[in-house]
J.: 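The structure follows.
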Protein chains: 2
Amino acid sequence: MTALRAFEAAARLGGFARAADELCVTPGAVAQQVKALEEWCGAALFERRAQGVVLSWVGVRVLPGLTGAFDALGAAVGELRQAALPGRLHVAALPAVAQLWLSPRLPAIRAALPDLEISVSALEQPPNMAREPFDMTVFYGDGAGLGIARDVIFPVCAPQLAGQLETVEDLAAVPCLSDAVWAQDWPIWLAEAGAEVQVSGPVYSLYALAVEEALHGAGVLIGHGALVSRHLDSGALVAPFGTRAELPRWLEIGVRDGALSPPLRALSRLLAGKSSL
Amino acid sequence: MTALRAFEAAARLGGFARAADELCVTPGAVAQQVKALEEWCGAALFERRAQGVVLSWVGVRVLPGLTGAFDALGAAVGELRQAALPGRLHVAALPAVAQLWLSPRLPAIRAALPDLEISVSALEQPPNMAREPFDMTVFYGDGAGLGIARDVIFPVCAPQLAGQLETVEDLAAVPCLSDAVWAQDWPIWLAEAGAEVQVSGPVYSLYALAVEEALHGAGVLIGHGALVSRHLDSGALVAPFGTRAELPRWLEIGVRDGALSPPLRALSRLLAGKSSL
DNA sequence: GAATACCCCCAGTAATTCTATGCCTGTATA
DNA sequence: TATACAGGCATAGAATTACTGGGGGTATTC
């Protein structure tokens with residue numbers, strides 16, 4: 001059973017490490033389960049190569065059925081959760097999105113939809129909606145989902161720091177904050193701005209933390225439109241330069257395939273409709 | 001996961017005890033799993049009544065999807081086993097059938113189909129083919145499957161004992177062997193024979209054991225046609241009376257729904273074709 | 001009014017699964 | 001050519017999970 005899950009994930013994702021990631025276990029655990037399954041059925045499911053594993057013929061043959069079965073199981077579990085407590089919604093979002101975009105909107109949404117109980121989980125990677133018990137996701141994606149806003153980046157900083165920034169080249173003289181997983185943001189924007197200057201500064205593992213530091217005047221942050229607009233509106237942050245770089249990705253809402261339940265439809269409408277905030 | 005299995009079985013079979021039976025665990029284990037699932041999803045899946053449990057509205061709603069998902073999983077596992085080792089067949093049969101009917105036929109079948117590796121498991125109850133990894137079952141059923149022979153019962157005994165049996169009433173004077181799960185055999189046959197006589201004798205939990213005892217002259221056994229015909233042919237047992245009671249059930253072969261693999265087709269043809277033996 | 005057939009609860013135990021570690025192999029980098 | 005690195009293997013011990021076995025309760029059945 002567990003072995004089937006491990007095999008399905010490894011086969012679908014093409015590696016034990018990735019499967020381990022999805023299943024939230026160590027690669028060793030996946031390897032063990034796959035090996036147990038191979039012993040049970042008496043045939044090799046993968047060919048082991050130095051650079052990873054590739055599906056054997058038997059594996060190729062059984063993967064579609066297995067994937068379909070697990071998807072059906074995931075759908076049944078989702079149906080169970082919804083039938084049990086129709087007003088409960090569970091949203092998964094990138095930590096930065098959850099804290100900087102979703103969280104400020106929740107009070108108004110909870111007031112508008114008082115019968116809903118909305119839970120939020122912060123995840124680094126978008127979950128597999130067909131398997132995990134989430135009702136909605138808010139992540140940056142390639143535009144396949146329900147788009148909220150294009151991701152645009154531009155430097156932002158506390159107002160008192162903006163006086164030091166006359167030209168783009170002045171950035172070399174101040175700390176330039178950035179996020180670890182979005183390490184390319186500064187180079188991309190600098191290229192867009194046509195600047196040759198090298199910038200440097202502290203790197204944060206949590207974007208919200210970098211925003212916090214920028215609010216306190218710790219440096220210039222490379223801001224993401226949707227995540228800093230609130231502070232731009234309030235004046236707590238300002239954008240010292242006019243140049244904006246558009247990234248090829250959108251902040252978007254994802255829902256399970258199939259019929260949207262009324263509460264889910266109401267929530268997604270509220271979230272998508274307020275994109276201009 | 002385990003909880004989903006437990007719930008599905010309990011809901012489908014209408015009781016924790018029956019589910020426990022199918023899953024080969026104690027009823028307490030099923031109750032625990034179902035309770036855990038109810039706590040996880042936050043709604044009652046069953047209504048507890050004194051005479052058992054009945055599905056709640058939520059339970060009714062999610063059962064079909066869950067059953068379908070588990071069936072799909074079972075089918076995928078079956079596909080895996082077959083793809084891994086196409087020549088391996090696993091037959092489930094009633095212990096008596098396995099020992100007295102199937103086992104004598106296997107040598108000839110193995111000779112005819114040398115590429116097949118045929119395993120046999122003795123089970124008291126027919127397994128759920130959609131879930132358990134069996135390729136074929138041989139049980140007594142109501143005629144829905146591939147019938148082999150109608151179940152007929154009649155007394156049989158060792159030849160030296162037959163001399164003591166002039167009339168049906170003489171049965172009261174000799175030990176009348178019977179099987180624990182087929183306790184009604186003697187009353188049914190006696191009613192068919194129109195006799196008022198009361199018979200008694202040792203009861204066996206294993207029909208094959210009762211046959212063995214009858215061969216040794218320990219008493220008169222209520223014989224099942226398919227299970228004693230071999231000994232009647234060899235003369236090791238004789239039927240002292242002409243009356244035969246036909247039971248409303250047939251010895252029959254069951255296979256998974258869908259396409260029969262060539263090895264399975266060959267095996268079922270051999271087994272069904274040799275029913276006259 | 002016993003016997004039966006269910007299910008509930010709890011504590012201890014048994015089984016499974018996971019982590020942690022060191023090792024190996026082939027690829028990519030310097 | 002040397003060196004890091006990514007991915008998988010193997011084992012033992014640890015943690016989690018699931019199961020058993022006991023006692024108890026409540027309706028139906030004969």
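Computed from a predicted model, the values in this text were never measured in an experiment. A note on names: the letters A, B, ... follow the listed sequences, proteins ahead of strands, and every chain is numbered from 1.
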J.: More than 12 heavy atoms of other residues, nucleotides or ligands under 6.0 Å from CD of A/Q51: yes or no?
T.: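 For A/Q51, atom CD is crowded (more than 12 foreign heavy atoms under 6.0 Å).
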J.: Under 4.0 Å between any heavy atoms, over every strand shown, what does A/A29 touch: base, sugar-phosphate, or nothing? Just pick one.
T.: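 Base: the residue A/A29, judged by heavy atoms under 4.0 Å, touches a nucleobase.
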J.: Please list each protein N or O that sits under 3.5 Å from an N or O in nucleotides 12-17 of chain C, with the distance.
T.:
from	atom 1	to	atom 2	distance (Å)
C/dT17	OP1	A/T2	OG1	3.1

J.: Got a sec, which residues hit side-chain contact (heavy atoms from CB on, under 4.5 Å) with A/L123, two or more places apart in sequence or on another chain?
T.: A/A92, A/S121, A/P127, A/F134, A/F139
J.: Quick check: does any side chain N or O of A/E38 sit under 3.5 Å from a backbone N or O of A/L45, one acting as donor and the other as acceptor?
T.: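 Yes: the side chain of A/E38 pairs with the backbone of A/L45.
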J.: Distances for protein N/O vs nucleotides 21-26 of chain C N/O pairs under 3.5 angstrom?
T.:
none

J.: Do the side chain of B/S56 and the main chain of B/A44 share a donor and acceptor less than 3.5 angstrom apart?
T.: yes
J.: Can you tell me the distance, in whole Å, between the CZ atom of B/F46 and the C1' atom of C/dC6?
T.: 13 Å
J.: Kindly point out which of C/dC18, D/dA10, C/dC9 is positioned nearest to the side chain of A/K35?
T.: D/dA10
J.: Can you give me the bend angle of the helix from C/dG1-D/dC30 to C/dA30-D/dT1? Use the axis through the first five pairs and the one through the last five, nearest 10 degrees.
T.: 30°
J.: On the nucleotide C/dT19, are OP1 or OP2 found under 4.0 Å from the side-chain N or O atoms that A/T26 carries?
T.: yes
J.: Quick check: does any side chain N or O of A/D142 sit under 3.5 Å from a backbone N or O of A/R249, one acting as donor and the other as acceptor?
T.: no
J.: Between A/R256 and A/D135 (side chain of the first, backbone of the second, donor and acceptor by atom type, cut-off under 3.5 Å), is there such a pair?
T.: no
J.: Quickly work out the B/E47 CD to D/dT26 P distance and round it to whole Å.
T.: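 Atom CD in B/E47 sits about 19 Å away from atom P in D/dT26.
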J.: When the ring centroid of B/Y140 is compared with that of B/W250, is the distance short of 6.0 Å?
T.: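 Centroid separation for B/Y140 and B/W250: 6.0 Å or greater.
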J.: Would you call the rings of A/W182 and A/H224 parallel, tilted or perpendicular, where under 30° means parallel and over 60° means perpendicular?
T.: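 Correct class here is tilted.
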J.: Would you list the pairs meeting salt bridge (Lys or Arg N to Asp or Glu O under 4.0 Å) in which at least one residue belongs to residues 6-26 of chain B, sequence neighbours left out?
T.: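 Every salt bridge (Lys or Arg N to Asp or Glu O under 4.0 Å) pair that includes a residue of residues 6-26 of chain B, provided the two are not neighbours, is B/E8-B/R12, B/E8-B/R131, B/R12-B/E22.
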J.: Whole Å only: how far is the CG atom of B/L45 from the C1' atom of C/dC7?
T.: 16 Å
J.: Between B/E47 (side chain) and B/V54 (backbone), is there a donor-acceptor pair under 3.5 Å?
T.: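 Side chain of B/E47 to backbone of B/V54, a donor-acceptor pair under 3.5 Å: no, none is there.
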J.: Does D/dC9 have OP1 or OP2 under 4.0 Å away from a side-chain N or O of A/R48?
T.: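 The answer is yes; a side-chain N or O of A/R48 sits under 4.0 Å from OP1 or OP2.
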J.: Can you check whether B/R88's main-chain N or O pairs, donor with acceptor, with B/Q82's side chain at less than 3.5 Å?
T.: no
J.: For DNA chain C, which residues in residues 7-23 of chain A have a heavy atom at a distance below 4.0 Å?
T.: none
J.: Check whether B/W186 reaches the backbone of B/L221 with its side chain - one donor and one acceptor, N or O, closer than 3.5 Å.
T.: no
J.: So does A/R81 pair up with A/E79, basic N to acidic O under 4.0 Å?
T.: no
